[in-house]
Peer 1: 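Attaching a single structure in C-alpha cells format; questions to follow.
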Protein chains: 2
Amino acid sequence: MTVFQQQGYEGATLAKLAAASGLGKASLYHHFPGGKDEIARVLMRKAIADLQRLAFSRLKGSGSARDRLAALLDGFCDYVDQGRGHCLLAVLAQGGARPYYGSEIAAQFQDWLQMVTAVFEEKGEKPKRAKRSANHFVEQLYGILLMSKILDQPGHFQQATKRLRKTL
Amino acid sequence: MTVFQQQGYEGATLAKLAAASGLGKASLYHHFPGGKDEIARVLMRKAIADLQRLAFSRLKGSGSARDRLAALLDGFCDYVDQGRGHCLLAVLAQGGARPYYGSEIAAQFQDWLQMVTAVFEEKGEKPKRAKRSANHFVEQLYGILLMSKILDQPGHFQQATKRLRKTL
DNA sequence: GTCTATATTAAGATAGAC
DNA sequence: GTCTATCTTAATATAGAC
C-alpha cells in the first residue's frame with residue numbers, strides 16, 4: 001500500500017513491492033496471479049474499505065449532524081496518517097492508471113458524497129445547497145491533503161484540518 | 001507537458017514523449033542532453049511561469065481585492081483547461097519524483113500564498129486570519145481540481161468554481 | 001537537427017526446484 | 001509458499017550516418 005501511495009501505479013515496480021513486502025517477486029505472483037494490476041486492484045478495494053470504515057461510516061453514528069461531520073474529518077485524518085500519508089484512491093484517479101480504476105473510484109465517491117449531502121440536509125439545508133456543502137466539504141479534505149504534499153511543511157495539515165473543524 | 005501531466009513522471013516514457021512531440025527519441029536527447037530528468041525540470045519551470053502569468057500575476061492588477069481574487073480564479077481555470085487538464089506542479093509534488101522537484105515547487109507555492117495573503121489583508125483581514133484565508137483559497141482551487149479528476153464528471157469543475165466565485 | 005541502429009539496464013512475468 | 005534462475009519486453013541512453 002505504501003509503495004503504491006508514494007510511487008504511483010507506474011512507479012510501484014515489482015522489485016519495490018517485493019522489497020517492501022519481504023517476499024521475492026515470484027512469491028508475489030503466487031499470491032496475485034494477475035500481477036501488478038491485481039495487486040493494485042486489491043489495494044484499491046482495501047483503500048475504499050479503510051476510508052469507509054475509518055471516516056464515512058462515522059456519519060451513521062448517533063450524535064448531532066455537526067458531531068458526525070467532525071467524526072468523519074477525524075477519521076479522514078487518521079486514514080491519511082495526519083497528512084503524512086497519501087490516499088491511494090486519489091493517486092490512482094489521477095495518474096496513467098486512471099482508465100483502469102477510475103470508474104470504480106468515481107462511483108464510490110458519488111456514494112460518499114450522497115451520504116454527506118444527507119447529513120447537511122439534516123442540518124436544515126435544502127437539497128441543492130446540501131449537495132454544494134457536501135462537495136465543498138470533501139473538496140476541502142482533499143485540497144488540504146494535496147496542499148500539504150505540495151508545501152511539505154509539517155504542521156500544515158494539522159493547522160488546516162483544525163481550521164476546517166471550526167467551520168462545521 | 002500533456003504526457004507528464006497525464007502519466008506522471010514514471011509513466012512519461014521517452015517513447016510517449018517522442019510520439020507526442022513528433023520527434024525521435026534521439027532528437028529529444030539532442031535538445032535535452034540530461035534526458036527525462038531535464039525535460040521534466042524544464043517543464044516544471046514552464047508550469048511555474050504559466051501559472052504565474054495566467055493566474056497569480058493577476059493579483060497585481062488594478063480593481064478591488066475581490067476582483068483580483070476572481071481574476072486569479074479565472075486564470076487558474078484557464079491554466080487547468082476548465083478542469084480537463086492537470087497541474088504539473090501538483091503531479092510532480094505527489095509522486096515518486098517529489099524528492100527531486102518538490103523543494104522548488106514548495107518554495108514557489110509559499111511565494112504565491114504570501115501574495116494571496118497580502119490581498120486578504122487588503123480586504124481588512126488581520127495577518128493571521130488573512131493567512132488562513134489564503135491557505136483556504138488555494139486549497140479550494142486544488143481540492144476542486146482533484147475532486148473533478150476523481151469524480152470524472154464533466155461540469156463538476158465548472159459548478160464548483162462557480163460556487164467558489166460567489167463566496168469571494 | 002533528425003534519423004536508424006544499438007547498447008544497457010530494468011521491468012513484468014514464468015518455470016521449476018525445494 | 002518461497003526461492004533462484006530465466007525469459008521477454010520495454011525503458012533509458014548513446015553512436016554515428018545523413
Side-chain angles (χ1 to χ4, degrees), chain A residues 1-49 85-105, chain B residues 1-49 85-105:
Chain A
M1 181 67 93
T2 309
V3 172
F4 274 97
Q5 283 173 345
Q6 294 180 351
Q7 311 285 324
Y9 183 83
E10 287 86 359
T13 65
L14 288 178
K16 289 177 190 166
L17 293 167
S21 65
L23 292 176
K25 281 194 278 184
S27 299
L28 287 179
Y29 277 98
H30 174 77
H31 293 283
F32 305 97
K36 186 169 156 175
D37 175 72
E38 186 182 348
I39 298 177
R41 188 156 262 107
V42 168
L43 287 174
M44 176 194 67
R45 301 213 168 114
K46 171 165 168 49
I48 288 176
H86 294 243
C87 172
L88 179 63
L89 306 178
V91 170
L92 292 178
Q94 289 181 91
R98 184 177 161 189
Y100 304 102
Y101 310 101
S103 62
E104 197 165 336
I105 294 170
Chain B
M1 180 68 92
T2 307
V3 172
F4 273 98
Q5 284 173 343
Q6 294 181 349
Q7 312 285 325
Y9 183 83
E10 288 85 0
T13 67
L14 288 178
K16 290 176 189 166
L17 293 168
S21 65
L23 292 177
K25 283 193 278 184
S27 299
L28 286 179
Y29 278 98
H30 174 77
H31 293 283
F32 305 98
K36 187 168 152 174
D37 175 73
E38 186 181 348
I39 297 176
R41 188 156 262 105
V42 168
L43 286 174
M44 175 193 69
R45 301 215 169 111
K46 170 164 169 50
I48 289 176
H86 294 243
C87 171
L88 179 64
L89 306 178
V91 170
L92 292 178
Q94 288 181 91
R98 184 179 161 189
Y100 304 102
Y101 310 100
S103 63
E104 195 165 338
I105 294 170

Peer 1: So which nucleotide from dA11(D), dA11(C), dT2(C) ends up closest to the side chain of A15(B)?
Peer 2: dA11(D)
Peer 1: Under 4.0 Å between a side-chain N/O of S27(A) and OP1 or OP2 of dC3(D), yes or no?
Peer 2: yes
Peer 1: Is a donor on one side and an acceptor on the other found under 3.5 Å between the side chain of K46(A) and the backbone of M1(A)?
Peer 2: no
Peer 1: Should L92(A) and Y100(A) be marked as a side chain to side chain contact (heavy atoms under 4.5 Å, CB included) after you check the CA-CA gap, both sets of side-chain angles, and the distance that decides it?
Peer 2: CA-CA 9 Å; L92(A) 292 178; Y100(A) 304 102; over 6 Å; no
Peer 1: What heavy-atom pair brings L89(B) and I105(B) nearest, and what distance separates the two atoms?
Peer 2: O-CD1, 3.6 Å
Peer 1: Tell me whether S27(B) contacts the main-chain N or O of L23(B) through its side chain, where contact means a donor paired with an acceptor under 3.5 Å.
Peer 2: no
Peer 1: Within this structure, what is the NZ-to-P distance between K16(A) and dA10(C), rounded to whole angstrom?
Peer 2: 12 Å
Peer 1: Produce a footprint string for nucleotides 13-18 of chain C: one letter per nucleotide, 5' end first; B if the base is under 4.0 Å from any protein heavy atom, S if only the sugar-phosphate is, - if neither.
Peer 2: BBB---
Peer 1: With a cut-off of less than 4.0 Å, is there a side-chain N or O of H30(B) near OP1 or OP2 of dC3(C)?
Peer 2: no
Peer 1: Measure from CG on L28(B) to P on dA11(D) and round the result to the nearest Å.
Peer 2: 14 Å
Peer 1: A side-chain contact here means heavy atoms from C-beta on lying under 4.5 Å apart; do V42(B) and R45(B) qualify?
Peer 2: no
Peer 1: Less than 4.5 Å apart, any side-chain heavy atom of Y9(A) and any of V91(A)?
Peer 2: no
Peer 1: Please report, rounded to the nearest Å, how far the C1' atom of dG12(C) is from the CD atom of E10(A).
Peer 2: 14 Å
